[in-house]
Amino acid sequence: MRTPYLAAVLATAKIAVAHAAESLSDVCLTAHVKNSLPVDALLGVTIQTSSVTVASVLNYNDTGSPFFPDTVVNFCNVTFGYSHDGKEDQVLVNYFLPAPAEFQNRYVSQGGGALDIYSGTASIAGGVQYGAVNGGTDGGFGSFSASFDEVVLLDNGTVNLDIVSLFGYQAHYELGVLGRAFTRLFYGMSENEKLYSYFQACSEGGREAFSQLQRYGDLWDGASVGAPAFRYSFQQVQHLFSNVVEKTIGYNPPLCEMATIINATINYCDKLDGRLDGVVARTDLCKLKFDLDTLVGESYECAASGSTPVQKGDITKKGVQVAREIINGLHDSKGRRVYISYQPTADFHDAQTTYNSETDSWDISIVGLGGQYVTQLLQNINIENLPTLDNVTYDTLKYWMIEGMQRYQDTLQVNWPDLTPFQASGGKLIHFHGESDSSVPTASSVRYWESVRKTMYPDLDDDESTNAIKDWYRLYLVPGAAHCDWNDEQPNGPWPQTGLQTIIDWVENDIEPTKLNGTVGAGDNAGDTMEICAWPLRPYWTNDGKTLECEYDQASIDTWIYEFDGVPVPVY
Ligand SMILES: *[C@@H]1O[C@H](CO)[C@@H](O)[C@H](O)[C@H]1NC(C)=O
Ligand SMILES: *[C@@H]1O[C@H](CO)[C@@H](O)[C@H](O)[C@H]1NC(C)=O
Ligand SMILES: *[C@@H]1O[C@H](CO)[C@@H](O)[C@H](O)[C@H]1NC(C)=O
Ligand SMILES: *[C@@H]1O[C@H](CO)[C@@H](O)[C@H](O)[C@H]1NC(C)=O
Ligand SMILES: *[C@@H]1O[C@H](CO)[C@@H](O)[C@H](O)[C@H]1NC(C)=O
Ligand SMILES: *[C@@H]1O[C@H](CO)[C@@H](O)[C@H](O)[C@H]1NC(C)=O
Ligand SMILES: [Ca+2]
């Protein structure tokens, strides 16, 4: 169907077509791209025709990505800019388009990470190797390499609310609408031909994905989303919690002490899942059964590295106290819970101290992702981090979380729990999160899934709603995995490297991911597929560690569910 239309377009553009336009070189042409621009797709947006760039990229070799298998791909690299009518702004979008012969009626938006909205080369083949057009946006930040923190303030005291909206949700909405329309025009799809629309992302990109599913659910057929950094004010301020624990206890643990606590935790908890493989598949059982106090007095030793001398000593009571407080999560001065934290086995990344050679001691290192949120978004001062934690207490963190929730509820927060438009239009969602994530608490994903279940099925009992939601939304906690990646500390664990394939299969072929396929990234079994249980079922290995069961264990499930009695309004 698409060839005659395309030929017509090319003829109009006065380009000689020697044969059916099925190869990249037939279509990866400035004239064809300009003729395919979706100029009428969005009210209030004007595409800047002169900004178009077009280039063929051949034999692009993409290896080692956690998000899709190694591949070599060819694609047409298109970028163009658009402005919002009445504003002198520019947003750049980027689409990687496979050759017409490879195109399989799919469009995929990719998200960013940390303070970036564009993941660049990190995700190219993610779309293209599945015959999809792959889209990314610069968010109006000025270039694909600019990040949110560079543009969020116009000046001290003045937030750029346009940029906050663009980063929050708007740029991705526009990217998707323009991308789908551009894809149809570029390949000459007829109006009644189905174009499947997907989102694939992790971390900050996961927040971006949910911003679309929550607001524009009916525009998406499927999404494969990891460790979303949503519930943004809580998520960002939580990065400062480990620092404030250290400050409050008055102990800055040497790196080696915390690393030894992690290794000992992994060693002890490995077997609790029924299989001794260096992977803790049940951080919940670890929480219930492992007593950190048993580590006090155990020795640690790490070699000198750079300007850091040999670290040698015994694990202290205070070191264990720091670990325990971090895992316990933020409570206010009245002992009421405000937020959640990382699972045991997550590597205390936010607690990392730095060695001070002048004083021969360890200093707190204020986590930038937390500090930036407070200085720029709450205090509106254009500095990238808090200069000090003076006067910052657990109550201050609580105040910041709640203040940010209120100020950015409609832009950055992204925890709206009603996905009815997505569900009602047939959307399918896989959501996964490493159990040993040390950047976004794993229980954050559990909380959101539970919020959606309770919000959308208020009249069903727990069993019935769990059964109903799994028709379209499944959550998987990935054994041993770190933040959006495999984990060097538990190298035999899986990561869902074929997540996009899984969601395509569910949407297009009705293959239900009862368990999610993960790929082992390193160790003896590198490359093997390992199945991952869907929440609320928990993994347990029987038959000497050979058979994976997904079991229902109420005591374990209960460890993942928290009541935020320290916050005066519901937090989904
Ligand atoms: C792609 O890159 C990887 C890693 O650098 C290399 O091992 C592989 O041979 C390359 N494949 C091709 C087809 O060039
Ligand atoms: C795609 O084109 C843009 C604009 O020319 C360029 O900055 C970018 O590096 C290109 N990407 C690839 C993967 O070639
Ligand atoms: C922890 O275990 C890893 C191996 O998994 C090792 O590389 C690292 O040195 C250990 N760290 C400490 C402090 O023992
Ligand atoms: C904003 O205020 C901070 C803190 O007072 C100062 O360091 C910085 O230079 C100011 N930046 C601008 C652009 O005025
Ligand atoms: C901390 O509080 C004290 C007493 O209110 C005040 O003098 C000091 O300036 C504060 N420090 C910071 C960094 O805000
Ligand atoms: C998992 O992988 C196996 C083998 O490659 C495949 O047959 C199965 O369909 C996959 N399962 C899902 C849910 O994608
Ligand atoms: Ca294990």
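All residue numbers in this chain count up from 1 along the given sequence. Each ligand, and each atom within it, is numbered from 1 in the order the structure gives.
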- Look at the rings of Phe80 and Tyr95 and say which category their plane angle falls in: under 30° parallel, 30 to 60° tilted, over 60° perpendicular.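 Ring orientation, 0 to 90° scale: tilted.
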Looking at [X] versus [Y], is the centre-to-centre ring distance below 6.0 Å?
X: Phe141; Y: Phe167; result: yes
X: Tyr373; Y: Trp400; result: no
X: Tyr394; Y: His331; result: no

- Item | N/O separation below 3.5 Å, Thr63 to ligand 1 | no
- Task: Provide the number and element of each atom of ligand 1 under 4.0 Å from a heavy atom of Val72.
- Result: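 Listed by number with element, the hits are 13 (C).
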- Does a side-chain heavy-atom distance below 4.5 Å link Tyr82 with Thr46?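 Side-chain contact under 4.5 Å: no.
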- Task: Using a 4.5 Å cut-off on heavy atoms from C-beta on, say whether the side chain of Val54 contacts that of Asn77.
- Result: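 The answer is no, as the side chains (C-beta and beyond) never meet within the 4.5 Å cut-off.
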- Message: Taking 4.0 angstrom as the limit and counting only heavy atoms of Thr53, give me the atoms of ligand 2 inside it, by number and element.
- Response: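 Those atoms are 4 (C), 5 (O).
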- Item | Residue Val57 vicinity, atoms of ligand 2 by number, heavy atom under 4.0 Å |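 Those of ligand 2 that fall under 4.0 Å from Val57 are 14 (O).
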Which N or O atoms of ligand 5 sit under 3.5 Å from a protein N or O, and how far apart is each pair?
{"unit_1": "ligand 5", "atom_1": "2 (O)", "unit_2": "Asn391", "atom_2": "OD1", "d": "3.2"}
{"unit_1": "ligand 5", "atom_1": "2 (O)", "unit_2": "Asn391", "atom_2": "ND2", "d": "2.3"}
{"unit_1": "ligand 5", "atom_1": "11 (N)", "unit_2": "Asn391", "atom_2": "ND2", "d": "2.9"}
{"unit_1": "ligand 5", "atom_1": "14 (O)", "unit_2": "Asn391", "atom_2": "ND2", "d": "3.4"}

- Is it true that Arg184 and Glu193 make a salt bridge, defined as a side-chain N closer than 4.0 Å to a carboxylate O? no
- Using modelled atom types only, decide if a donor and an acceptor are shared between the side chain of Glu384 and the backbone of Leu369 within a distance under 3.5 Å. no
- Task: Return yes or no for this condition: an N or O of Asn94 is under 3.5 Å from an N or O of ligand 2.
- Result: no
